[in-house]
Amino acid sequence: MTFLKKHQTPVFLFAIAAVFATFVFFSLPREKDETGFLRQVVLETASPLQRVFTAAFEGFRNTWERYLFLVGLEEENRILRRRVSLLEAELSRSDEIRIENQRLLSLLGLKREVSFSTVTARVISRERASLFKSFVIDRGSRHGVLVGSPVLSAEGVVGKVTDVSWNAAKVLLINDFNCRIDAYVRETRARGILQGHREGDCTLKYVPRSESVREGDTVVTSGLAGGFPKGMRLGTVIQVSRGPNELFQDVRVRPTANVGKVEEVLVIVTGTENSSEDDRR
Amino acid sequence: MMYYMMLPPAALVCVVLQTTLADMLSRGAVRLEVSLVIALYAGFHLGMIRGAALVVVFGFVMDTLTGTVPCFYTFFYILVFLVARMVSFKVYGEGAIMIMSAAFLCALGQAVVIVALSRWTAGVPLSFDGMDVTVYNAVLLALTTPLFFALFKKIEVSAHGESSR
């Protein structure tokens, strides 16, 4: 004990280093494109919680918005308003189901276009105000999802999977600064690397000055690297600027997919039958 | 021992709650990083080993569930913990203004580190566009920090009472 008291700081630093090293060791993947065991456990344990909390908060918010604000009105109006509210809630639910159906139909349409095996997944947790852009989906390695699997919505590419547990996966969104995708401009075939930008847009980097790129052009995946199929829509060029002494031009791209609001996504999986996981849901 | 066993589930629930609750209630406009306040509290109030274990576990869970830069939150929380611990030897860390300033600086510091990281590791042009949201969130976190500190203190006292019974 005297030794501990005497050498408090070095012992403390050593303990921190040891604990940290243990965490890093167990969270490191054994092979490339694999999520470390501890990370898988955390992701797996968190996904039911995320599902429950998301469902509970959605339910609470819907109730609050459609029902609870009626409390306090006069008795005579209350019954009528409650009926109206219930009917509105019913209508709203029907609308929600209709919109969800439309979304799923458009996903299905995309699914028919895509000739790869895909899995439909639901977003169960996200933090839109964070500087890191990612979300968690409710499908994992049991459903064929792998690290690096491309994630799409009906509008275009959403991102790629970075961590997978058995029943959940973390998706790195295309507007995160760590996400880089080999891409080209559909109209002029000018190639570059699409990288996320903090404000929600992306930049198409390394496009030579000599290449012609215009606002409104469509940026698609090149299919050359990263497991993305060729020709998937990434975004639309919103701004092009060329510095006087620069080798490359600065091409700002707005993602086609609304990555902040997407609720269901398609994950391209490999090595599974095209029988589709969704049909079994 | 109970404390160390309770840490992982507590961290998991706290991180899941902080990510889902704030995002859903504010429709993505607000981010309340309670885990950062916990790291600060650990620096000011907890012992070395207990505090270090706490920040490492919270950092690891944050990295796994929301981070996109490997080990970022773990490193940052350890840093906050160490700095808060050093400061707590010199300054009285109970005052509301002190706690609020520390939380504001930590939240802002975290954003600056991420911007710097995006510049130096990913080559993203250095810009502070869109940082107003980060500043609002830092102010919000600073304003709520004394409440969280009071809550943590209550939890600590009741947990200590339970264990000593």
Side-chain angles (χ1 to χ4, degrees), chain A residues 8-9 11-13 15-16 19-20 22-24 27-28 35-36 38-43 45-47 49-50 52-54 56-58 60-61 124-136 162-163 165 170 172-173 176-180 195-200 203 205 250 260-261, chain B residues 8-9 11-13 15-31 33 48-49 52-53 55-57 59-61 63-72 74-75 78 81-82 85 110-111 114-115 117-119 121-125 127-131 133-134 136-137:
Chain A
Q8 219 173 19
T9 312
V11 167
F12 163 60
L13 289 175
I16 286 189
V19 172
F20 186 61
T22 314
F23 265 97
V24 170
S27 65
L28 281 178
T35 305
L38 264 185
R39 291 174 76 90
Q40 284 193 53
V41 170
V42 171
L43 208 53
T45 322
S47 66
L49 278 176
Q50 287 166 328
V52 168
F53 284 139
T54 306
F57 291 137
E58 280 280 6
F60 176 75
R61 199 173 65 193
I124 53 171
S125 172
R126 73 169 113 218
E127 215 182 5
R128 282 169 284 194
S130 173
L131 288 173
F132 295 128
K133 309 291 181 194
S134 67
F135 58 57
V136 180
T162 52
D163 285 304
S165 71
K170 189 166 83 178
L172 176 72
L173 303 184
D176 186 275
F177 67 84
N178 269 317
C179 189
R180 299 175 191 92
Q195 185 180 32
H197 217 271
R198 278 182 305 278
E199 303 95 87
T203 309
K205 296 173 84 176
D250 184 25
K261 285 187 178 167
Chain B
L12 211 62
V13 172
V15 170
V16 169
L17 261 176
Q18 85 177 23
T19 46
T20 38
L21 185 68
D23 190 86
M24 293 202 70
L25 292 182
S26 69
R27 294 171 197 270
V30 168
R31 178 171 192 260
E33 199 178 328
M48 283 188 275
I49 306 297
V55 293
V56 168
V57 171
F60 182 74
V61 174
D63 276 323
T64 306
L65 295 181
T66 68
T68 65
V69 174
C71 297
F72 172 80
T74 315
F75 270 120
I78 289 176
F81 171 65
L82 288 175
R85 194 163 171 76
Q110 190 186 56
I114 293 173
V115 170
L117 261 180
S118 69
R119 172 72 187 93
T121 64
V124 175
S127 88
F128 288 89
D129 298 347
M131 288 296 272
V133 180
T134 310
Y136 300 148
N137 284 326

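Lettering follows sequence order; numbering is per chain, from 1.
Ranking A:Ser130, A:Ser134, A:Ser125 against chain B, the residue ahead of the rest is A:Ser130, based on heavy-atom pairs under 4.5 Å. Chain A forms more heavy-atom pairs under 4.5 Å with one residue of B:Asn137, B:Val61, B:Leu65 than with any other, namely B:Leu65. Among the candidates B:Val15, B:Asp63, B:Leu117, the residue making the largest number of heavy-atom pairs closer than 4.5 Å to chain A is B:Asp63.
Using a 4.0 Å cut-off between charged nitrogen and carboxylate oxygen, A:Asp176 and A:Lys133 do not count as a salt-bridge pair.
Side chain of A:Gln195 to main chain of A:Arg180: no donor-acceptor pair is present (N/O by atom type, distance under 3.5 Å, no hydrogens or angles). Within the 3.5 Å criterion, the main-chain N or O of A:Gly260 finds a donor-acceptor partner in the side chain of A:Arg126.
For the residue pair A:Thr203 and A:Asp250, the shortest heavy atom distance occurs at CG2-OD1, 3.5 Å.
Neither the backbone nor the side chain of B:Val55 comes within contact range of chain A, judged by heavy atoms closer than 4.5 Å. Neither the backbone nor the side chain of A:Thr162 comes within less than 4.5 Å of any heavy atom in chain B. Contact of A:Leu173 with chain B is not made at all, since no heavy-atom distance falls under 4.5 Å. At a 4.5 Å heavy-atom cutoff, the contact between A:Val42 and chain B is made by backbone and side-chain atoms alike. The contact between A:Leu43 and chain B is made by backbone and side chain atoms together, counting heavy-atom distances below 4.5 Å.
Between atom CZ of residue B:Arg31 and atom OG1 of residue B:Thr134 there is a gap of 9.0 Å, rounded to the nearest 0.5 Å.
Partners of B:Gln18 according to the side-chain contact (heavy atoms from CB on, under 4.5 Å) rule, which considers only residues two or more places apart in sequence or in another chain, are B:Cys14, B:Glu33, B:Val34, B:Ser35, B:Met62.
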